[in-house]
2 protein chains.
Amino acid sequence: MIKKKQQLNPYISVDCVIFGFDSDRLKVLLIEREDHSLNTESTLALPGDLINNEENLNESANRVLKELTGLKNIYLKQIGAFGDLNRISKKDDKAWLQTVRTNPEARVITIAYYSLVKISDSNPKASSFATSAKWYNVEEIKALAFDHYDILRAALSQLRNEIIHQPVGFNLMPKMFTLGQLQKMYEAILNKKLDKRNFRRKILKLNILDATQEKETGVSHKPAQYFVFNKKNYNSLADTGFNNFGF
Amino acid sequence: MIKKKQQLNPYISVDCVIFGFDSDRLKVLLIEREDHSLNTESTLALPGDLINNEENLNESANRVLKELTGLKNIYLKQIGAFGDLNRISKKDDKAWLQTVRTNPEARVITIAYYSLVKISDSNPKASSFATSAKWYNVEEIKALAFDHYDILRAALSQLRNEIIHQPVGFNLMPKMFTLGQLQKMYEAILNKKLDKRNFRRKILKLNILDATQEKETGVSHKPAQYFVFNKKNYNSLADTGFNNFGF
DNA sequence: GCAAAAGTGTTAACTGTACACCCATGA
DNA sequence: TCATGGGTGTACAGTTAACACTTTTGC
């Protein structure tokens with residue numbers, strides 16, 4: 001491992017839209033910034049920070065992600081660059097930048113990434129300028145700091161597109177899961193009900209799920225079989241994608 | 001129109017992948033830089049330049065596009081940000097930057113856009129540091145300056161994905177065109193042969209083409225009917241996209 | 001026994017794909 | 001008359017979408 005002198009680039013940041021799934025709803029990891037007597041909504045922001053000049057963009061995103069969730073080697077994908085002039089137009093945002101940046105007036109372009117993590121494996125902890133890092137229901141978010149709400153919507157749109165073309169959703173699931181839980185994840189992401197029989201048939205035909213011998217316990221209904229996900233078949237499928245998965 | 005003082009941002013550029021179609025092959029607009037006794041391949045680059053601090057990113061892309069092709073109000077879509085440290089690693093590229101940039105050692109992140117233009121309507125002209133701006137066959141490009149080859153491949157990949165989900169290809173076609181010409185465009189973009197009868201059936205079912213009364217003249221075969229493209233139906237389709245257009 | 005989610009097949013409509021011949025024109 | 005690309009229909013296979021009942025468990 002080579003250590004390099006790291007220098008913040010004051011003009012370019014990365015922001016991460018970190019999705020999780022709690023077996024019921026789609027979640028996103030947000031931080032609270034120090035309060036400047038604002039309402040809660042505008043204190044919430046995507047985790048993100050300035051990049052270092054000696055790291056690649058995806059390394060920056062991975063670093064920020066690791067600093068904020070303790071996770072590494074996570075599915076991580078670029079959404080795009082956001083650099084409109086009015087992205088730093090809210091009074092509260094400007095005031096906040098004064099307190100944390102050495103060059104608060106600089107025009108900052110942000111490169112947004114999204115990632116999918118297992119909530120159970122993650123251990124979000126607040127970083128320097130964040131007073132908390134917590135999971136929020138995506139559907140309940142109506143406003144965020146800067147242009148982060150736009151970024152969140154773009155990430156969601158890209159995730160919805162990706163989930164029906166690539167088997168990426170497993171990054172959100174625990175190691176063992178039932179088909180019902182998996183279906184709930186698709187429903188939460190796509191925000192619509194799916195037919196149980198059709199869902200099971202389609203997802204099993206992809207050949208990326210292996211049935212285990214284990215079953216749910218302690219549930220007051222017929223216990224469901226647990227499945228694990230077959231990494232080998234997943235990888236070959238992830239390369240090509242699948243055409244016919246239009247829910 | 002409000003005039004603002006424009007100031008170059010030395011850390012962020014836009015690069016444009018401008019696709020055209022010459023009724024046979026997919027083309028891309030490239031510039032030649034001043035020669036530093038290099039081979040031709042590495043003198044070729046995507047048109048692009050530093051952004052101004054007082055314009056939005058897509059305004060920057062539109063400005064560069066207009067400066068280089070004379071076109072405005074063009075289909076233009078962001079591909080993403082490219083900022084790997086080794087994007088400025090070639091000796092020739094470093095030497096060239098010394099001659100055109102006031103801060104040639106700066107780490108520059110580029111935001112890439114792609115656009116689709118009618119070659120017949122465009123009037124590419126070389127800008128300040130370009131000695132030429134010409135159309136090249138996409139399939140013949142094997143190397144470009146900086147990381148521009150990567151950007152070109154990413155643009156092509158995105159275009160291929162988009163062309164089967166959105167009726168965007170008409171941006172490449174002249175006002176009137178035959179179905180044969182349209183099919184050739186799809187074949188050029190997707191780089192594969194399509195079945196004529198199936199293509200015609202599918203594309204007509206989209207309801208975005210209006211037949212005209214005019215026919216080809218001066219061709220030594222049965223003259224083809226000209227079609228124009230129905231903007232109204234196109235727009236409503238462009239919003240929703242289409243699911244089933246998998247060639 | 002009842003509430004709750006698991007698990008299971010069939011049918012009809014639609015979509016994709018493969019495939020071959022005649023037509024109108026210029027040379 | 002020949003070479004060239006335009007224009008047309010059908011049949012088979014695969015996929016989507018809609019739909020209802022029985023099973024197993026905890027309480």
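Note on naming: letters A, B, ... go to the chains in the order of the sequence lines (proteins, then strands), and numbering restarts at 1 for each one.
As a whole-Å value, the separation of A:Lys192 NZ from D:dA17 P is 8 Å. In this structure, A:Arg197 places its CZ atom 12 Å from P of C:dT10, rounding to the nearest Å. For the pair B:Phe199 CZ and C:dG16 P, the computed distance is 14 Å after rounding to whole Å. The separation between A:Asn198 atom CG and C:dT10 atom P is 14 Å, rounded to whole Å. In this structure, B:Tyr226 atom OH and D:dG6 atom P are separated by 11 Å, rounded to whole Å. A straight line from CZ of B:Arg200 to C1' of C:dC19 spans 16 Å, rounded to a whole angstrom. Nucleotide C:dT25 holds its P atom 13 Å from the CD atom of B:Gln225, rounded to whole Å. Rounded to a whole Å, the CD1 atom of A:Ile203 is 16 Å from the C1' atom of C:dG7.
When atom types are taken as modelled, the side chain of A:Asn230 and the backbone of A:Lys232 share a donor-acceptor pair closer than 3.5 angstrom.
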Stepwise side chain to side chain donor-acceptor pair (under 3.5 Å) test for A:Lys72 and A:Asn62: CA-CA 7 Å; A:Lys72 45 188 176 174; A:Asn62 271 297; over 6 Å; no
side-chain contact (heavy atoms from CB on, under 4.5 Å) evaluation trace for B:Asp15 with B:Tyr113: CA-CA 6 Å; B:Asp15 283 307; B:Tyr113 284 80; over 6 Å; no
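The base of D:dG5 does not come close enough to the side chain of B:Lys196 for any donor and acceptor atom to sit less than 3.5 Å apart.
At a threshold of 4.0 angstrom between heavy atoms, the contacts of A:Lys205 are confined to the sugar-phosphate backbone, with no base atom among them.
Paired with B:Glu187 under the rule salt bridge (charged side-chain N to carboxylate O under 4.0 Å, His left out), one option of B:Lys192, B:Lys196, B:Lys193 passes, and it is B:Lys193.
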For nucleotides 1-4 of chain D, print each protein N/O atom paired with a nucleotide N/O atom at under 3.5 Å, atom names and distance only.
from, atom 1, to, atom 2, distance (Å)
D:dT4, O2, B:Ser220, O, 3.1

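Annotation for B:Asn73: atom CG does not count as buried by contact number, only 12 or fewer foreign heavy atoms lying within 6.0 Å.
Both B:Pro223 and B:Arg201 lie near DNA chain D, and the one whose nearest nucleotide falls closer to the 5' end is B:Pro223.
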Ignoring hydrogens and angles, write down the donor-acceptor pairs under 3.5 Å from the side chains of residues 170-182 of chain A, residues two or more places apart or on other chains.
from, atom 1, to, atom 2, distance (Å)
A:Asn171, ND2, A:Val168, O, 2.8
A:Thr178, OG1, A:Gly180, N, 3.4
A:Thr178, OG1, A:Gln181, N, 3.0
A:Gln181, OE1, A:Thr178, N, 3.0

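Judged as a side chain to side chain donor-acceptor pair (under 3.5 Å), and not counting sequence neighbours, B:Ser220 has no contacts.
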